[in-house]
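The structure appears right after this line, and notes come after that.
Just so you know, these numbers use all the heavy atoms, side chains as well, and skip hydrogens, waters and symmetry mates.
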Amino acid sequence: MWTELTGDSWTPQSAARKDEERRQLMLEIDALAAILYGITADELCAIYRTQFGVLRKYEEDDLYDANGRLVPKEIAKAYRERGEQLTEAERLWTHPQSGVEYLAEFPFRGHDREEDMREAYARFAEELEKTGTVE
């Protein structure tokens, strides 16, 4: 199915392994589902705003580092207070279960889910219109 949909062979590198990539894929699924159910981009964003308050709060707070990893909350909080003045030691985080250490790399960035859903919606709607898949 992967090859049929993407035109590429699936490899372990095909998987969305980064937090930022998985976030993008989830909102793309939302956009595709909205198109298939006849929901407009404005309606999709209204549903997000009114029905998914917890997700919205997380999205407003989440930051991603240069490697696409979600910045841990304590590092994000320090970053909001002091910006890129954080030392490497202050950006080092140890995963509690595995003990693996990660360095949150600058720059950090947030995302606007509504804007991203609108972009994905427009891209998919255009592609589906070209192929005649959705009327």
Side-chain angles (χ1 to χ4, degrees):
M1 184 167 84
W2 178 270
T3 303
E4 183 180 327
L5 293 172
T6 67
D8 296 325
S9 295
W10 192 92
T11 68
Q13 290 72 34
S14 302
R17 298 183 185 280
K18 297 179 182 177
D19 299 308
E20 199 169 34
E21 293 171 340
R22 289 191 297 271
R23 175 198 172 273
Q24 182 66 30
L25 288 172
M26 287 187 287
L27 71 86
E28 287 179 357
I29 290 169
D30 292 343
L32 281 168
I35 291 168
L36 295 174
Y37 281 106
I39 296 170
T40 68
D42 287 338
E43 292 167 335
L44 175 61
C45 290
I47 292 167
Y48 167 68
R49 279 192 308 274
T50 60
Q51 301 300 312
F52 295 93
V54 174
L55 175 60
R56 190 173 179 204
K57 176 67 174 142
Y58 282 129
E59 282 277 322
E60 290 171 359
D61 292 343
D62 285 347
L63 294 174
Y64 297 86
D65 78 351
N67 297 309
R69 291 188 300 248
L70 187 62
V71 176
K73 299 296 180 201
E74 58 272 14
I75 297 173
K77 180 181 179 190
Y79 171 75
R80 286 189 174 93
E81 292 170 359
R82 299 187 13 239
E84 291 193 12
Q85 303 302 315
L86 298 178
T87 65
E88 280 193 17
E90 292 170 314
R91 292 182 283 127
L92 196 61
W93 179 76
T94 303
H95 188 277
Q97 285 80 33
S98 69
V100 174
E101 289 186 331
Y102 296 94
L103 178 64
E105 297 282 355
F106 291 129
F108 295 169
R109 61 192 168 276
H111 292 285
D112 181 329
R113 190 174 190 93
E114 287 190 44
E115 179 181 317
D116 294 343
M117 284 191 302
R118 288 178 190 281
E119 287 176 15
Y121 188 102
R123 187 175 74 248
F124 290 131
E126 180 181 339
E127 184 64 31
L128 292 169
E129 187 175 309
K130 280 185 206 175
T131 61
T133 309
V134 175
E135 297 176 6

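- Remark: Lys73 engages Asp62 in a salt bridge, criterion side-chain N to carboxylate O under 4.0 Å.
- To the nearest 0.5 Å, atoms CG (Leu32) and CG (Leu128) are separated by 6.5 Å.
- Note that the NE2 atom of His95 and the CD atom of Glu101 stand 13.0 Å from one another [nearest 0.5 Å].
- By the salt bridge (charged side-chain N to carboxylate O under 4.0 Å, His left out) test, Lys18 is found to be paired with no residue, residues two or more places apart in sequence or in another chain being considered.
- By the neighbour-count criterion of 12 heavy atoms within 6.0 Å, atom CD of Glu84 is densely surrounded, having more than that number from other residues, nucleotides or ligands.
- Listed by chain and number, the residues in a salt bridge (charged side-chain N to carboxylate O under 4.0 Å, His left out) with Glu119 amount to none (sequence neighbours excluded).
- The minimum heavy-atom distance linking Ala16 with Leu25 is given by the pair CB-CD1, 3.3 Å.
- Rounded to the nearest 0.5 Å, atoms OG1 (Thr87) and CZ (Arg82) are 7.0 Å apart.
- When all heavy atoms are compared, the tightest approach of Leu86 to Ala78 is CD2-CB, 3.7 Å.
- Applying the 4.5 Å side-chain rule to ILVMFWY residues, one finds Leu103 in the same cluster as Leu92.
- Between Asp65 atom CG and Asp19 atom CG the span is 9.0 Å, to the nearest 0.5 Å.
- The two atoms that bring Trp93 and Ile75 nearest to each other are CB-CD1, 3.8 Å, heavy atoms only.
- No side-chain donor-acceptor contact under 3.5 Å links Arg23 to the backbone of Glu59.
- Contacts classified as side-chain hydrogen bond (donor to acceptor under 3.5 Å, both in side chains) and involving residues 26-39 (residues at least two apart or in different chains) are given here: Gln24-Glu28, Glu28-Arg123, Asp30-Arg113.
- A pairwise comparison of heavy atoms in Thr94 and Gly99 identifies CG2-O, 3.6 Å as the closest pair.
- In this structure, Arg80 and Asp61 approach most closely via the heavy-atom pair NH2-O, 2.5 Å.
- Rounding to the nearest 0.5 angstrom, the gap separating the CD atom in Gln85 from the CZ atom in Phe106 is 8.0 Å.
- Within a 6.0 Å sphere centred on NZ of Lys77, other residues, nucleotides and ligands contribute 12 heavy atoms or fewer.
- Residues Ile47 and Met117 share a hydrophobic cluster, clusters being chains of Ile/Leu/Val/Met/Phe/Trp/Tyr side chains in contact below 4.5 Å.
- In this structure, CD in Glu90 is found 14.0 Å from OH in Tyr79, a value given to the nearest 0.5 Å.
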Considering only distance and modelled atom types, tabulate donor-acceptor pairs under 3.5 Å from the side chains of residues 48-55, sequence neighbours left out.
residue: Arg49; atom: NH1; partner: Glu114; partner atom: OE1; Å: 2.6
residue: Arg49; atom: NH1; partner: Glu114; partner atom: OE2; Å: 3.3
residue: Thr50; atom: OG1; partner: Ala46; partner atom: O; Å: 2.8

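- Hydrophobic clustering, defined by side-chain heavy atoms of Ile, Leu, Val, Met, Phe, Trp and Tyr closer than 4.5 Å, groups Leu70 together with Tyr64.
- Scanning all heavy atoms of the two residues, the minimum distance from Ala76 to Leu63 falls at CB-CD1, 3.9 Å.
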